[in-house]
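Single-structure report; data block below.
Both backbone and side-chain heavy atoms feed into the values below; hydrogens, waters and symmetry mates do not. Chain naming here is simple, since letters A, B, ... match the order of the sequence lines and numbering starts at 1 in each.
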Amino acid sequence: MSFLQIKQISHYYFSRTNYTKALDNVSLSVDEGSFVSFLGPSGCGKTTLLSIVAGIIRPTHGSITLQQQDLLENDNEIGYMLQQDYLFPWRTILENTLIGPKIKQTQSSSTVERAKNMLIEMGLENVLNSYPSSLSGGMRQRAALVRTLLTDPSLLLLDEPFSALDFQTKLKLEDLVSTLLKKYNKTSILVTHDIGEAIAMSDKIYLMKANPGEIHQQFEVPIEVRNLTPFEARKHVKYQNLFDRIWEELNSLESRSAIR
Amino acid sequence: MNQDQQSDNALFKDHLKRLKSDRRNTIYWQLFIFVVFIILWETTSRLGWIDPLIFSSPYKVSTLLFSNLIDGSLWFHLRITLFETVAGFLVGTVSGIVLAFLLWYSRKFSDVLDPYLVVLNALPKVALGPIIIVALGPGYTSIIMMGAIISFIITALVVYGAFREVDPNYLKVLESFGATKWQCFREAVFPASFPAMISTFKVNVGLSWVGVIVGEFLVASKGLGYLIVYGFQVFNFTLVLYSLLVIAFFAAVMYQAVEKLEKKIIKKN
């Protein structure tokens, strides 16, 4: 059995005058310890899908099981990273990372120690008691990563977490996240519109199309590329091949939707 | 190079000096207007150009102020009005924030209450004065209620608006950890709305004075509002102006206190 199973998920958004079908009959499964990406143009429902997996939105139809349990019963297992860090400006970095345990009321001196150690591991030892406004974008996103990992989620959801960063910071953070996730053997789902990022980080890519949101095609990332860090992966020849294939596929999707 | 730096420093010093003299200049003008106003008031009153019975004169007002300061009646009346105003402010503001919380917590509740809030907000609250006084009896309680009710609804509406404008992604972060609605409020919505709440404090300080003075007009036998009405009835406008000056001074002090609080809290954020 798979670690995470998404079974025939459909989702509608209702408004006063209309409704839109954001997701149509999406099914897939994710193995434990693997890294999966949802890639697609804006409006293909990838963020909706992630929010459903996170338990923030209830799908109109379908079900999701995590470790053979219905998702709604164990949503505590999930860590969510957003496009921006969303650190609380009135809390110090250390207090920000401890928000998860605080919400779950599991905070103890050992979690504080663990948070400190993780922050130090991320190179944030000098800003433990600083406020987020005094940190750079990359540092803030690293602090947000510690906040997400501190509750030790078995499934990590990444909603374009690198899209608000400058290119150099983004590449560095990709490497950091990728090695950390491998080290802790986390299962992760990344949502992105960046083809390169999807290939460099994942084991498997689901290409989604819009109106309604569906999985159009899936790509396995070659094993040689998978085992490299994202930065090194970008230099590999098979990376380039896959990039071209996905690029063409995206273009054909676009022209098809233009004709309709 | 060194010389350049020296001349740069000199320029900067000049700039500071100019800023300082600008500020001093402004203060001089403010003092000047004040002094001219007092002199004009005194002389026109003495010469009979304005009716001294109605407009009194700075000399008479300050004599009254001084004698009341010494015999303790200034403090006697002031302390009652101050207490009522501060209490009215606190009751109105806190209950307004509590109502805002309830509106935020339950969408249904706010939808149902919406038309009533609109009507209550449009209603001039001081018009409720007679009813409040009859219901709660003539005394502190009804005057404090007057100070409170005048700011209650508007506080609730403004703060509720601020609660709703908090970035939903903050809530998303908390919800991903399984936070309850109350936890979301405590950890994100409430602290994020601090600046909006402080600015309602500023408005409410002024409103509470209005409510309390009107309340005292209607019912009291002590307090600054009572002095104004009393002075009006016995045609002692020196007393009216004296009370007015004291109110203006302490209203400004309260406003400044809230502003200090604002600076402290905003800095922490």
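Side-chain contact check for A:Thr151 versus B:Phe177: some heavy-atom pair is nearer than 4.5 Å. In this structure the side chain of B:Gln183 never reaches within 4.5 angstrom of the side chain of A:Lys102, judged on heavy atoms. You'll find the side chain of B:Lys172 reaches within 4.5 Å of the side chain of A:Ser51, heavy atoms only.
A distance of 7.0 Å separates CD1 in A:Ile103 from CZ in B:Arg186, rounded to the nearest 0.5 Å.
Other residues, nucleotides and ligands contribute more than 12 heavy atoms inside 6.0 Å of the CZ atom of B:Phe101. In A:Phe14, the CZ atom is crowded: over 12 heavy atoms of neighbouring residues, nucleotides or ligands sit closer than 6.0 Å.
For A:Gln105, the part lying under 4.5 angstrom from a heavy atom of chain B is the side chain only. Heavy atoms closer than 4.5 Å to chain B are found nowhere in A:Leu157, neither backbone nor side chain. For a residue to count as touching a neighbouring chain, one of its non-hydrogen atoms must lie under 4.5 Å from one of that chain's; by this rule A:Arg147 touches chain B with backbone and side chain alike.
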List the steps and the verdict of side chain to side chain contact (heavy atoms under 4.5 Å, CB included) for B:Leu174 and A:Phe88. CA-CA 11 Å; B:Leu174 294 174; A:Phe88 297 101; 3.9 Å; yes

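Between A:Trp90 and B:Ala188, the closest heavy-atom pair is CH2-O, 3.5 Å.
Taking non-hydrogen atoms and a 4.5 Å limit, the residue list of residues 162-171 of chain B in contact with chain A, ordered by number, reads B:Asp167, B:Asn169, B:Tyr170.
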